[in-house]
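Comments concern the structure below.
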Amino acid sequence: MFDLQKFWDYFNKQMRQEYNEVAYNAWFKNTKPVSYNKETNELVIAVKNPIAKGYWEANLSTKLIQTAYAYGNFEVLPIFEVDGDEPTERFKAPQPPKKVPERSVSPVKDDFVAKNLQLNEKYTFDTFVQGEGNKLAEGAALAVADNPGSFYNPLFIFGGVGLGKTHLMQAIGHQMLGERPNAKVVYIQSETFVNDFINSIKNKTQDEFREKYRTADLLLVDDIQFFAKKEGIQEEFFHTFETLYNDQKQIVMTSDRLPTEIPDLSERLVSRFAWGLQVEITPPDLETRIAILRKKAESEGLVIDDDTLDYIASQVSTNIRELEGALVKVQAHATIEKADINVNLARDALTDLKLVQKSRGLQISKIQEVVANYFQTTVNELKGKKRVRQIVVPRQIAMYLARDLTDASLPKIGQEFGGKDHTTVMHAYEKIEKDIRTDAEIKSAVYELKQLLDR
Ligand SMILES: Nc1ncnc2c1ncn2[C@@H]1O[C@H](COP(=O)(O)OP(=O)(O)OP(=O)(O)O)[C@@H](O)[C@H]1O
């Protein structure tokens, strides 16, 4: 006998172990079983909104089926309904993103408005592919989109270049506008905030400036690390933040690093940014990169087989913008050659990409120079034999980066480091790889060095 409530409790318990708290709250909290038909095996589940419905259909229906089977050999056919909505047909694909309605423009001068309110219509939750590295951030963004101004305020999303921070933050904006077309969603690059502020002083239009930002229902500030060392701007932003926060308006920020790592960010901003939730996006694994490419290819109407997707995804590992660029290249190559897309064509199309990566990789001397500068030591010390910690750690980090960012073999790296044995390089690599997971200082040093080397 299939007891629906008991099974549901069991399933939830399993999911609690699998999902972190943010994601669990986003997907399972207000979801409930409605009915089970033992003739047809249809199990109707009520989810709280269309996003959740799309997510359950894409990610959780199989889990539900498997769990029911494991639970007691029960067969279920999940059907998801949006709470209070009409029942929908089974496994319907997620809805395409709603067309973004024209926003109502608040009564401030045009030059303050027009250039800033643009959200990229492609940056919605539906087009965002979930993976290990962004699962938490996506869950948090969804939770915020569901309950702006209350759940996690502010939401601070941080991580490396081109990993989807802007995409996620704008998805929150889209969802709010989908539900409340007249909401005032303000999206800005932090540099725009800086420029607007300076112009407002020049033109004596500070009132308009403040009106624009302090009356937002949702303020999205991208790349906030540009506030580093800018005291006046930070002061202004502090007041904007206070006003919005006190009015229970949602604030979302992105940055390439944690607030504590932004140089000279005032203590009060650092502490306020920590009031809500800070979530990191880390680079996607191969599987996620393939899924992103597949989704992108589908949306462009491209037919690309799995091997080719796999090949393209394996060429670009850390930046999704570059990954998309690689796909565009392959597509352009196919058009020019009037040929179908396959692995050979992709290889040809991406040859120069490989050359760039290789030439990047050949510069072990560049890595040594940047690392030596960073740690205020010298390239000679890195190549030398001194065993004091101040030199050993930078040396090991430099070897780690040489291994990670170049194609050079272990013996070749050893040679470049004053003729060291390849086992020394291997040891350094493994040591730093482990330290990155356990030592916040090493992690942040490696991260910053990678950013420096990326320029
Ligand atoms: N998980 C994802 N699913 C689908 N597309 C993604 C995903 N992550 C990133 N992208 C795409 O990759 C591109 C770069 O993403 P985005 O601009 O959001 O990165 P970012 O982290 O804000 O980068 P930056 O640090 O340069 O500001 C965008 O076109 C975005 O749509």
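Every number for a ligand or one of its atoms is a count from 1 in the order of the listing. Side-chain atoms are counted along with the backbone in the values below, which use heavy atoms only and exclude waters and symmetry mates.
- Around atom CD of Gln248, no more than 12 heavy atoms belonging to other residues, nucleotides or ligands sit under 6.0 Å away.
- Atom 28 (C) of ligand 1 has as its closest protein heavy atom Tyr123 OH, 3.4 Å.
- Given atom 12 (O) of ligand 1, the protein heavy atom at minimum distance is Ile320 CG2, 3.2 Å.
- The proximity of Lys295 to ligand 1, defined as any non-hydrogen pair under 4.0 Å, does not occur for either the backbone or the side chain.
- Heavy-atom contacts of Asn134 reach the following atoms of ligand 1: 1 (N) (cutoff under 4.0 Å).
- Checking Lys122, His167, Arg289 against atom 31 (O) of ligand 1, the nearest heavy atom belongs to His167.
- Scanning the protein for heavy atoms near atom 23 (O) of ligand 1, the closest one is Gly162 N, 2.9 Å.
- In this structure, the protein non-hydrogen atom closest to atom 25 (O) of ligand 1 is Lys165 NZ, 2.8 Å.
- Counting heavy-atom neighbours within 6.0 Å of Glu235 CD, excluding the residue itself, gives a total above 12.
- Counting heavy atoms under 4.0 Å from ligand 1, residue Asp222 does not touch it at all.
- Between Phe11 and Trp8, the two ring planes are tilted [angle within 30° to 60°].
- Closest to atom 17 (O) of ligand 1 among all protein heavy atoms lies Arg321 NH2, 3.0 Å.
- Under the 6.0 Å cut-off for aromatic ring centres, Phe237 and Phe197 do not qualify, their centroids lying 6.0 Å or more apart.
- What sits closest to atom 3 (N) of ligand 1 on the protein, heavy atoms only, is Val129 N, 2.8 Å.
- A distance below 6.0 Å separates the ring centres of Trp56 and Phe28.
- Protein heavy atom in closest approach to atom 29 (O) of ligand 1: Glu324 OE1, 2.7 Å.
- A cation-pi contact, defined as under 6.0 Å to the ring centre and within 45° of the axis, is absent between Arg257 and Phe158.
- Remark: distances from the non-hydrogen atoms of Leu163 to ligand 1 include one below 4.0 Å.
- The distance from ligand 1 to the heavy atoms of Thr127 drops below 4.0 Å at these ligand atoms: 3 (N), 4 (C).
- When non-hydrogen atoms are compared, ligand 1 lies under 4.0 Å from the backbone of Thr166 as well as from its side chain.
- In this structure, CG in Leu168 is found 10.0 Å from NZ in Lys165, a value given to the nearest 0.5 Å.
- Ring centers of Phe227 and Phe193: under 6.0 Å apart, within the cut-off.
- Using a 4.0 Å cutoff on heavy atoms, Asp256 does not count as a contact of ligand 1.
- When atom types are taken as modelled, the side chain of Thr240 and the backbone of Tyr213 share no donor-acceptor pair closer than 3.5 angstrom.
- Remark: minimum distance from atom 19 (O) of ligand 1 to any protein heavy atom is reached at Gly164 N, 3.0 Å.
- Formation of a donor-acceptor pair under 3.5 Å by the Gln250 side chain with backbone atoms of Gly149 is found in this model.
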